[in-house]
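Structure first, commentary second.
It should be emphasised that the depicted structure is a prediction, and the values quoted were computed from it without experimental measurement. Letters A, B, ... mirror the listed sequences (proteins, then strands); counts begin at 1.
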2 protein chains.
Amino acid sequence: MPDKPTTIKEIAKILKISVSTVSRALHDHSSIGLTTKMRVKKLAAELNYEPNQRAIQFLHGKSFVIGVILPELSESFFSTAISGIEDIAYKRNYTVLLAQSHDDAEREKLLVAKMKSQGVDGLLVSVAKTTSTYEHFEVFKKLNIPIVFFDRIPPIKDIHYVSSNLKTGTFEAVNFLLKKGHRTIGMINGPGTLVATHERKEGYIRAMTANRLKFDPSLIVSCDLSEDGTIKAMDTLLNHKRKPTAVVTFNDYVALFAMRYAKSIALTNLDFVSYANLPIINYMDHTPIASVEQFPYKQGKKAADILIDLINKPKNESGSEQAYFNIVVESELVLSNRK
Amino acid sequence: MPDKPTTIKEIAKILKISVSTVSRALHDHSSIGLTTKMRVKKLAAELNYEPNQRAIQFLHGKSFVIGVILPELSESFFSTAISGIEDIAYKRNYTVLLAQSHDDAEREKLLVAKMKSQGVDGLLVSVAKTTSTYEHFEVFKKLNIPIVFFDRIPPIKDIHYVSSNLKTGTFEAVNFLLKKGHRTIGMINGPGTLVATHERKEGYIRAMTANRLKFDPSLIVSCDLSEDGTIKAMDTLLNHKRKPTAVVTFNDYVALFAMRYAKSIALTNLDFVSYANLPIINYMDHTPIASVEQFPYKQGKKAADILIDLINKPKNESGSEQAYFNIVVESELVLSNRK
DNA sequence: AAAAGATGTGCAAACGTTTGCGCGAAATTA
DNA sequence: TAATTTCGCGCAAACGTTTGCACATCTTTT
């Protein structure tokens with residue numbers, strides 16, 4: 001018995017009144033008599049009437065759905081972020097249409113098109129690594145559908161975005177190590193192609209200069225983030241004429257590799273600081289003594305909030321130039337909570 | 001200039017033909033002349049015409065959207081699963097409407113209602129821990145919208161579900177330890193309220209009896225999964241008159257706590273087997289020598305596939321009883337890949 | 001030359017809801 | 001009592017698309 005859902009029409013027919021009256025009654029419109037309202041509402045409740053959202057969305061071209069395109073849902077950073085996004089969406093009565101690009105530019109393009117045809121009210125995107133052209137996002141602009149970029153920001157003008165700044169966290173991290181008495185601090189950095197690599201480096205330099213110390217570029221070695229690469233980087237650092245007493249690693253994986261390696265060669269007096277991307281690191285035997293936290297949950301919330309604000313913003317306030325949100329969520333040093 | 005999207009009407013007007021002709025031309029309907037088709041398609045392309053999905057969905061009451069309600073998006077198991085779900089949805093041209101219940105029965109109820117009003121074609125649910133009534137799912141049944149339950153299955157009849165069976169994996173795990181020469185195997189199990197706890201126990205017992213060994217219930221201790229609880233459980237096991245030489249732990253966190261504790265009391269000759277829920281465990285210093293894998297990605301894919309099959313199934317084949325999919329994805333023992 | 005078929009196109013209804021406008025009846029005012 | 005206002009409700013259009021049906025023109029068959 002595939003019960004077709006009750007419609008406003010049926011209510012009207014049963015009560016022998018017009019559909020418009022029913023509609024207005026259900027919306028407590030002032031021009032409908034009290035008795036009529038009661039009758040309509042009572043019957044609607046009995047028949048389990050629920051407005052057909054598809055019809056409503058179609059009517060005013062609004063869906064209360066935001067699209068979210070992320071590179072990898074299984075990556076901890078993104079899955080934490082989507083949790084924040086969904087929480088805000090839920091709170092503000094929106095729903096989340098989710099898709100992952102798997103860092104494939106082609107798939108991303110298709111997804112953007114799909115999101116558009118699904119009629120999302122706004123789009124939240126963390127762009128794929130392989131994405132190098134950005135016209136597929138332009139379409140949204142033309143249709144006046146807001147996009148907020150998130151974490152991975154395309155290098156184009158006039159966009160809204162939320163991202164984290166690793167400079168401050170790295171600054172704090174190096175500063176923390178200096179305060180702790182370290183004078184020679186190594187850094188295992190990532191490939192030069194990543195923005196994140198440069199931000200780390202800058203934070204490092206700033207901390208040194210802020211403490212009136214000379215910056216030695218050879219104490220920063222880049223690394224392909226593999227285990228072997230990490231070991232090579234560690235060797236470079238350990239053979240440095242000024243052997244570091246502390247190391248800042250690009251991420252938790254690199255930290256793990258490095259710590260394991262240090263242990264394997266019976267090196268114990270080395271402090272590590274890393275970047276928090278693994279929820280588990282605090283549970284482990286050897287943990288970095290501190291972590292630079294990027295707050296993906298918070299970032300996700302922020303991005304979703306901005307997007308929904310944009311959706312509900314009065315259209316094109318005449319005269320005033322479009323203002324772009326460029327929110328930077330500062331990263332922060334968090335000390336390890338292990339005793 | 002908020003370019004309103006091109007509609008079929010405008011094309012018709014410009015070409016001075018009727019909307020129906022345009023529609024048919026775009027669909028390559030056989031009754032439309034070749035020249036007309038060409039003209040229509042050419043203009044449509046020029047105007048970047050794209051059919052308004054909302055209108056189409058409204059017309060046929062189909063949305064090509066599946067709803068997914070999970071307890072926690074940031075939990076590794078679920079975020080891996082959603083990745084699989086999305087991959088299948090993408091492949092089969094569906095989109096995923098995502099929400100998390102945070103294990104709150106009330107929020108789950110609201111989400112189910114929201115999914116319904118959003119007009120999803122099907123629903124995929126892993127029920128919240130606190131959910132104890134199940135009427136909110138009945139509505140979908142009445143409307144003939146399929147639901148597939150996933151991992152956390154409600155205790156009701158006549159439902160489709162995909163879940164994993166930990167019996168087989170646990171059997172393999174214990175069997176593996178026995179083959180390795182262990183004769184006294186402890187198990188740190190979870191609270192008795194969880195199905196998963198019983199499945200683990202059963203797998204354990206089966207392995208013992210399959211090897212014609214006596215099962216000693218006191219070698220299975222339950223635990224609240226906290227660090228303190230784990231340590232207590234470990235103490236119980238280590239003080240057992242038959243001190244275990246290997247331990248199966250309820251999950252990776254418990255494994256970590258237990259291994260850390262063992263190490264802290266200088267206990268080294270203990271083998272651990274755990275259940276894979278943390279992607280990182282293989283990178284660590286001390287890892288379990290093997291893990292029972294539940295394949296959340298695969299489970300997600302399977303569940304999505306079944307759901308979409310159900311959506312596209314010819315309605316109510318008359319006479320034949322409704323068949324329910326009860327898919328059990330067997331768990332498997334995976335040896336640690338660390339040398 | 002008339003009937004039949006094929007071909008190309010348009011009309012209009014349908015999907016469920018909202019909303020501006022108008023109209024009759026009752027209630028108020030002058 | 002007549003003029004005006006208020007109240008309660010219905011009509012119909014609109015959103016964009018698909019589709020059954022009918023109609024006209026042209027081509028073929030008898």
Side-chain angles (χ1 to χ4, degrees), chain A residues 2-41 43-44 47-65 116-121 143-145, chain B residues 2-41 43-44 47-65 116-121 143-145:
Chain A
D3 267 9
K4 284 269 160 273
T6 315
T7 75
I8 227 172
K9 277 190 186 176
E10 307 176 45
I11 300 184
K13 189 185 272 179
I14 296 177
L15 258 37
K16 293 190 204 303
I17 57 181
S18 78
V19 280
S20 42
T21 305
V22 176
S23 173
R24 276 185 261 253
L26 291 171
H27 286 82
D28 268 327
H29 195 281
S30 60
S31 74
I32 300 296
L34 210 66
T35 48
T36 316
K37 276 185 194 170
M38 300 288 279
R39 293 205 308 143
V40 170
K41 287 185 181 176
L43 185 60
L47 297 179
N48 283 316
Y49 169 76
E50 290 204 30
N52 179 328
Q53 294 299 329
R54 269 198 283 253
I56 296 174
Q57 290 172 17
F58 165 59
L59 189 61
H60 0 36
K62 258 212 95 177
S63 64
F64 282 94
V65 171
K116 192 181 97 215
S117 74
Q118 282 286 355
V120 296
D121 289 343
L143 295 174
N144 235 348
I145 302 173
Chain B
D3 267 7
K4 284 271 161 272
T6 315
T7 73
I8 227 173
K9 277 191 186 175
E10 307 176 47
I11 299 184
K13 190 185 272 181
I14 296 177
L15 259 37
K16 294 192 207 302
I17 56 181
S18 78
V19 280
S20 42
T21 304
V22 176
S23 172
R24 277 185 261 254
L26 291 171
H27 286 82
D28 268 328
H29 196 281
S30 60
S31 73
I32 299 295
L34 209 66
T35 48
T36 317
K37 277 186 192 170
M38 300 288 278
R39 294 205 309 145
V40 170
K41 286 185 180 176
L43 185 61
L47 296 179
N48 284 318
Y49 168 75
E50 290 204 30
N52 179 328
Q53 294 298 331
R54 269 198 282 255
I56 296 173
Q57 290 172 17
F58 166 57
L59 190 62
H60 323 72
K62 259 212 94 177
S63 64
F64 281 94
V65 170
K116 191 180 97 215
S117 74
Q118 282 287 355
V120 297
D121 289 343
L143 295 174
N144 234 347
I145 303 172

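Annotation: the span from B/Ile32 atom CD1 to B/Thr21 atom OG1 amounts to 5.0 Å, rounded to 0.5 Å. With values rounded to the nearest 0.5 angstrom, A/His60 atom NE2 is found 11.0 Å from B/Arg54 atom CZ. The structure places CG of A/Asn52 at 11.0 Å from CG of A/Leu59, a figure rounded to the nearest 0.5 Å.
Considering only the side chain of A/Thr7, C/dT17 comes nearest among D/dC11, C/dG10, C/dT17. Among the nucleotides D/dT18, D/dC9, C/dT17, the one closest to the side chain of A/Ser31 is D/dC9. The side chain of A/Ser23 approaches C/dT19 more closely than any other nucleotide in the set D/dG16, D/dT19, C/dT19.
In this structure, the CG atom of A/Leu59 is 13 Å from the C1' atom of C/dG20, given to the nearest Å. Atom pair B/Met38:CE and C/dG8:P shows a separation of 14 Å (rounding to whole Å applied). As a whole-Å value, the separation of B/Arg54 CZ from C/dC15 C1' is 16 Å. Across the protein-nucleic acid pair, A/Ile8 atom CD1 and C/dC15 atom C1' stand 14 Å apart, rounded to whole Å. Whole-Å rounding puts the A/Leu15 CG to D/dG8 P distance at 16 Å. Rounded to a whole Å, the CG atom of B/Asn52 is 17 Å from the P atom of D/dA14. In this structure, CD1 of B/Ile32 is placed 14 Å from C1' of C/dA6, rounded to the nearest angstrom. Going from atom NE2 of B/His60 over to atom P of C/dC15 covers 13 Å, rounded to whole Å.
Between C/dA14 and A/Lys9, no contact under 4.0 Å exists linking OP1 or OP2 to a side-chain N or O. One finds a side-chain N or O of A/His27 lying less than 4.0 angstrom from the OP1 or OP2 phosphate oxygen of C/dT18. Within the structure, a side-chain polar atom (N or O) of A/Thr21 is placed less than 4.0 Å from OP1 or OP2 of D/dG10.
At a cut-off of 3.5 angstrom, counting only N and O atoms as typed in the model, there is no donor on one side facing an acceptor on the other between the side-chain of A/Arg39 and the base of D/dG8. Checked by distance alone, A/Arg24 brings a side-chain donor or acceptor within 3.5 Å of a matching partner on the base of D/dG10. B/Ser20 contributes a side-chain N or O that forms a donor-acceptor pair with the base of C/dC11 under 3.5 Å.
Put simply, B/Phe58 rests on the base of C/dC15: the two rings are less than 5.5 Å apart at their centres and nearly parallel, under 30°.
For NZ of B/Lys62, the number of neighbouring non-hydrogen atoms (other residues, nucleotides, ligands) closer than 6.0 Å is greater than 12.
In terms of modelled atom types and a separation under 3.5 Å, the side chain of B/Lys41 and the main chain of B/Asp28 share no donor-acceptor contact. In this structure a side-chain-to-backbone donor-acceptor pair under 3.5 Å is present from A/Asp121 to A/Ser63.
Residue order along DNA chain D, read from the 5' end via each residue's closest nucleotide, puts A/Thr36 first among A/Thr36 and A/Val19.
Using a 4.0 Å heavy-atom criterion, one finds that B/His29 contacts no nucleic acid atom at all. Within the 4.0 angstrom heavy-atom criterion, no nucleotide atom of any strand lies near A/Lys37.
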